[in-house]
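Only one structure is covered here, and it is reproduced in the block below.
Note: hydrogens, waters and symmetry copies are ignored here, and every other heavy atom, side chains too, is used.
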Amino acid sequence: MKRLTALLTLGRLPKALDIAQSLNLAGWRVIIAEPFSRHLAGSSRHVEKQFTVTAPNTDQEKYLDELLAIIRQEEVSLIVPVSEEALHVSFIASRIPENVRLYSPDHETLLKMHNKWEFFKIARQNGLAVPETELLGTDKATQLAKSVDYVIKPTSTCSGQGLQLCNQGDLLPDIRELPQTIVQQKMPGALKSTLSIAHQGRVIGTVVYRAAILSGTVAVAFEKLDNEIRITQWINCFVEAQDYSGFIAFDFMEDETGNPHAIECNPRATSGIHFINRQDIAGAIIAPENHFQLGLRPHPFMQQFWPCLTETQVAFFKRDQFLQKLKIMFKAKEVNFAWNDPLPVWLMPYTSWEIMKRSFFKGESFGEASTFDVGWYHDASETV
């Protein structure tokens, strides 16, 4: 019997490997379309074929045409966007054959969730806790900056790019220098991240975790958090109100009383996927209507070994930081290593050279270096 084919639209990130392994173990033939000529998932035995495509931020229309050609050539049945490229990929929804399924919300939905100002308005309209947020250049933003510590960030960005931390009373930048920017109240408490998989307004399952080691503002080691009832309730309400389907992730910060406030939404898979059992990832994608929970892996600490090693080495002359990171590395499990599929982790310095090169020579975080050519940086009102 001929196996069905799933196309992943990015292969460079560890979460792509989780999805590829899961789908292949579920009996699917997995192929990858990726702007980088070599990438992490491409060395996995769970990936049958890979294609190098034009980066969407270089030529979006050419990128979409190349994806459509692969879909026809390889008789693809399922398309799974992996990360920041999802907003670009969503444009092919109206151009794919009827028998091909795109595992993604439509472009308009993705755009509303990705845009930090639009997300704030949606959450507030549904009575969900979010920090006070205003658009830069308005009188309300000026008053907010005078009354509380605050952060400045672009409405459409990823991996912490453009984030500025400011103190109460600091002068705001000129709107002409930073158009489409929000001013947001800074919460004083802990930062917690989530990943949920949803289907038609129903949350199949949620992972709550915190960063244990950071590269810039992006976590490369993670600790799973249990019994985060207020966070899961917040997510359940949001997903139901939006009738949302697919991957969806949030970052929360707590106020002085420990009450979580959502500071932004990421309508795509995040590193929380590393905590989910492989078979449940595929099941929730392939047949979400039959899935009602996500089984979690038994490891409370997970790490991306090579980025963690880099961050630990950088901290060598800061004794407390070095020892803390070294301790985390010793007790955390590598997110992707398997004895029956060892090459992705062993070859990561080679397959991830494009990311490492930008990080080393341009001073970018791993998050910035891995999304520069696929991230969505457009305003919600723009058409592309």
Side-chain angles (χ1 to χ4, degrees), residues 1-34 36-52 74 76-80 82-83 103 195 197 205 207 209 220-224 247 269-287 291 293-310 328-356 366 370:
M1 182 178 177
K2 184 178 179 181
R3 291 186 300 165
L4 296 175
T5 297
L7 170 66
L8 275 57
T9 54
L10 208 68
R12 67 188 69 171
L13 299 173
K15 55 191 170 184
L17 187 53
D18 281 70
I19 297 170
Q21 290 171 338
S22 179
L23 288 170
N24 185 244
L25 291 170
W28 286 66
R29 172 179 177 258
V30 178
I31 63 175
I32 294 178
E34 160 70 66
F36 287 173
S37 59
R38 58 180 189 256
H39 51 85
L40 174 70
S43 59
S44 171
R45 70 179 185 87
H46 295 285
V47 174
E48 183 169 311
K49 191 181 289 187
Q50 52 189 310
F51 299 84
T52 304
E74 299 297 320
V76 169
S77 298
L78 173 67
I79 307 160
V80 184
V82 170
S83 188
Y103 187 72
L195 173 66
I197 304 180
V207 178
Y209 61 102
V220 291
F222 330 90
E223 179 186 9
K224 180 167 63 70
F247 295 117
T270 63
S271 297
I273 201 169
H274 303 315
F275 291 103
I276 302 174
N277 286 338
R278 293 290 185 270
Q279 66 269 25
D280 286 328
I281 298 172
I285 294 173
I286 298 166
H291 249 70
Q293 63 180 359
L294 296 177
L296 301 183
R297 299 168 72 179
H299 313 288
F301 277 90
M302 305 292 285
Q303 67 172 311
Q304 297 168 9
F305 173 75
W306 292 106
C308 282
L309 180 61
T310 300
I328 291 169
M329 287 194 66
F330 272 109
K331 66 181 178 180
K333 180 177 174 59
E334 217 293 327
V335 297
N336 288 137
F337 183 77
W339 285 112
N340 62 357
D341 191 28
L343 289 182
V345 175
W346 288 350
L347 296 179
M348 193 174 186
Y350 170 76
T351 58
S352 299
W353 175 241
E354 289 293 332
I355 298 173
M356 295 167 66
F366 279 95
S370 63

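- Residues Glu48 and Val30 are not in side-chain contact: their nearest non-hydrogen atoms beyond the backbone lie 4.5 Å or more apart.
- At least one side-chain heavy atom of Ile273 sits under 4.5 Å from a side-chain heavy atom of Ile281.
- In terms of heavy-atom proximity, Asn336 sits nearest to Gln21 at O-NE2, 3.9 Å.
- The closest side-chain donor-acceptor pair between His39 and Glu354, if any, does not fall under 3.5 angstrom.
- Using bins of under 30°, 30° to 60° and over 60° for the plane-to-plane angle, the ring pair Tyr209/Phe275 lands in the tilted bin.
- Here OG of Ser77 is found 8.5 Å from NZ of Lys2. Values are rounded to the nearest 0.5 Å.
- Between Glu74 and Arg29, at least one side-chain N (NZ, or NE/NH1/NH2) sits under 4.0 Å from a carboxylate O, which counts as a salt bridge.
- When all heavy atoms are compared, the tightest approach of Ile328 to Ala221 is CG2-CB, 4.1 Å.
- From Leu10, atom CG reaches atom OG of Ser83 across 6.0 Å, with rounding to the nearest 0.5 Å.
- Closest heavy-atom contact between Pro14 and Val335: CB-CG2, 4.0 Å.
- Under the 4.5 Å side-chain criterion, counting only non-hydrogen atoms from C-beta, Pro349 is in contact with Trp306.
- The side-chain heavy atoms of Leu78 and Ile285, taken from C-beta on, include a pair separated by under 4.5 Å.
- No hydrogens or angles considered: nothing links the side chains of Thr270 and Lys15 as a donor-acceptor pair under 3.5 Å.
- One distance of note links CD1 of Ile197 with CG of Asp280; it measures 8.5 Å at 0.5 Å rounding.
- Considering only heavy atoms from C-beta on, Gln303 stays 4.5 Å or farther from Val220 through its side chain.
- Between His274 and Phe222, the ring-plane angle classifies as tilted under the 30° and 60° cut-offs.
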Show the numbers, then the answer: is there a side chain to side chain contact (heavy atoms under 4.5 Å, CB included) between Thr52 and Arg38?
CA-CA 8 Å; Thr52 304; Arg38 58 180 189 256; over 6 Å; no

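- From Glu334, atom CD reaches atom CD of Gln304 across 7.5 Å, with rounding to the nearest 0.5 Å.
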Would you check, one step at a time, whether the test side chain to side chain contact (heavy atoms under 4.5 Å, CB included) holds for Ile286 with Leu23?
CA-CA 9 Å; Ile286 298 166; Leu23 288 170; 4.0 Å; yes

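- Annotation for Leu294 and Ala284: closest pair CD2-CB, 4.2 Å, computed over non-hydrogen atoms.
- Distance check: Asn277 CG to Leu296 CG gives 6.5 Å after rounding to the nearest 0.5 Å.
- Ion pairing between Lys331 and Glu223 fails under the 4.0 Å rule for side-chain N and carboxylate O.
- The number of heavy atoms from other shown groups lying within 6.0 Å of CD (Gln279) is above 12.
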Take Tyr103 and Ile79 through the test side chain to side chain contact (heavy atoms under 4.5 Å, CB included) and record every step on the way to the result.
CA-CA 6 Å; Tyr103 187 72; Ile79 307 160; over 6 Å; no

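- The two residues Ile31 and Val76 make their nearest non-hydrogen contact at CD1-CG2, 3.9 Å.
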Can you check side chain to side chain contact (heavy atoms under 4.5 Å, CB included) on Leu40 and Arg12, steps first, answer last?
CA-CA 5 Å; Leu40 174 70; Arg12 67 188 69 171; 5.7 Å; no

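- Two residues are said to be in side-chain contact when any heavy atoms from C-beta on lie closer than 4.5 Å; Asn24 and Val47 fail this criterion.
- Between Phe305 and Phe337, a ring centre-to-centre spacing not shorter than 6.0 Å is recorded.
- Rounding to the nearest 0.5 angstrom, the gap separating the CZ atom in Arg297 from the CG atom in Asp18 is 6.5 Å.
- Looking at every heavy atom in both residues, Ser43 comes nearest to Leu343 through O-CB, 3.6 Å.
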